[in-house]
Structure formats: C-alpha cells, structure tokens
Amino acid sequence: MEIDKETLIYTVIGSIPKGQVASYGQVAAIAGYPQNARLVGRLLKLMPNDSTIPWHRVVNSQGKISFPIGSNKYQEQRQKLLLEGIAFKNERVNMRVYQWQ
DNA sequence: TTCTTGACGCGCA
DNA sequence: ATGCGCGCCAAGA
C-alpha cells in the first residue's frame with residue numbers, strides 16, 4: 001500500500017523536534033517531494049484546527065514566519081515558538097541554530 | 001480547459 | 001540587503 005503525499009508530509013512535520021524548526025522546502029524534500037514547498041504550505045492551510053501537529057515549527061527558508069507581520073496568526077506562531085525557547089532576531093529565527101537536520 | 005493564486009524557494013542584478 | 005523573475009504544482013474561478 002502506498003502512503004499519499006498528504007500523510008507523508010504531515011508525518012514529517014510531526015517529527016520536527018520541539019525547540020527546532022524546518023522550512024517548507026525542507027519538509028517537502030524530506031518527505032520525498034523536492035520543489036514542492038508550496039504543497040506543504042497548502043496542506044498546513046487546509047489542516048483541521050483540532051490537529052495536534054506542530055505546524056508552528058514550519059517557517060520559510062529565510063527563517064521568517066509566512067504570515068503578515070502583526071496578524072493574529074503571526075502572533076500566534078511567534079508565541080508558540082518563543083514558548084519552545086526559539087529566539088527571534090528582527091522578526092526571524094536563526095536557521096543555523098534552530099534548523100532541524 | 002485555461003488562467004490565476006499562493007503558509008515557497010532560488011538565482012541574479 | 002532588496003527587489004524581480006521564474007519554476008513548481010494543486011486548487012479554485
């Protein structure tokens with residue numbers, strides 16, 4: 001039986017360790033779908049609210065949150081990351097330090 | 001079916 | 001550092 005992209009990507013995101021982050025592109029690549037960063041973002045958007053997957057640990061390749069600065073979602077994600085000990089430097093996390101794998 | 005969008009990424013000026 | 005263009009690809013109009 002074959003695992004679909006959706007399930008695989010959710011699994012990858014779910015395996016990101018607490019206190020670390022991964023970019024959309026990395027998640028896609030690890031799941032076996034390089035060049036599909038947009039797919040990752042789309043799935044997170046369609047993800048049910050009652051899901052327990054750590055969606056907040058996914059930021060873009062620049063270490064920035066992919067929501068407009070100041071928006072509720074932006075604040076929510078930033079807060080979750082801060083609570084895990086991830087520090088922000090000018091609205092962005094240091095990928096060299098917090099990047100998973 | 002074609003065109004536009006978008007929680008993206010990379011190279012280049 | 002900062003735009004800008006282009007590649008990607010599934011979903012919606």
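Residue numbers begin at 1 in each chain, while the letters A, B, ... track the order of the sequences.
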note = Separation of dG6(B) atom P from Gln35(A) atom CD, nearest Å, is 22 Å
task = Could you check which of dA7(B), dG9(B), dC9(C) has an atom nearest any side-chain atom of Ser61(A)?
result = dG9(B)
Using residues 62-69 of chain A as the side-chain source, report each donor-acceptor pair under 3.5 Å to any protein atom, sequence neighbours left out, with the distance given to one decimal.
none

note = In Watson-Crick or G-U wobble terms, with both distances under 3.5 Å, the base opposite dC8(C) is none
Same cluster (ILVMFWY, side-chain, under 4.5 Å), Leu8(A) and Ile30(A) = no
message = Rounded to whole Å, please give me the gap between CD1 in Ile65(A) and C1' in dC8(B).
response = 15 Å
ask   = Does a side-chain N or O from Ser23(A) land closer than 4.0 Å to OP1 or OP2 of dC8(B), or not?
value = no
Evaluation steps, side chain to side chain contact (heavy atoms under 4.5 Å, CB included), between Val59(A) and Tyr98(A) = CA-CA 11 Å; Val59(A) 296; Tyr98(A) 304 110; over 6 Å; no
remark   = Tyr33(A) atom OH is separated from dG9(B) atom P, nearest whole Å, by 18 Å
query = Please give, in whole Å, the distance from dA7(B) C1' to Tyr74(A) OH?
reply = 13 Å
ask   = Mind checking the P distance from dA7(B) to dT2(C)? Whole angstroms is fine.
value = 22 Å
ask   = For Arg38(A) and dG7(C), what is the distance between atoms CZ and C1' respectively, to the nearest whole Å?
value = 9 Å
request  = Nearest-nucleotide wise, let me know which of Ala37(A) and Arg42(A) is further upstream toward the 5' end of DNA chain B.
outcome  = Arg42(A)
task = In whole angstrom, give the distance that lies between atom OH of Tyr24(A) and atom C1' of dG9(B).
result = 12 Å
task = Keeping the roles fixed (side chain from Asn94(A), backbone from Val97(A)), state whether a donor-acceptor pair exists under 3.5 Å.
result = yes
query = Between Gln77(A) and Val58(A), is there a donor-acceptor pair closer than 3.5 Å when you use the side chain of the first and the backbone of the second?
reply = yes
key: Distance, rounded to the nearest Å, where Lys45(A) contributes NZ and dG12(C) contributes P   = 9 Å
message = Between C1' on dC8(B) and CG on Leu39(A), what's the gap in Å once rounded to a whole number?
response = 11 Å
ask   = Is any side-chain N or O of Lys5(A) closer than 4.0 Å to OP1 or OP2 of dA10(C)?
value = yes
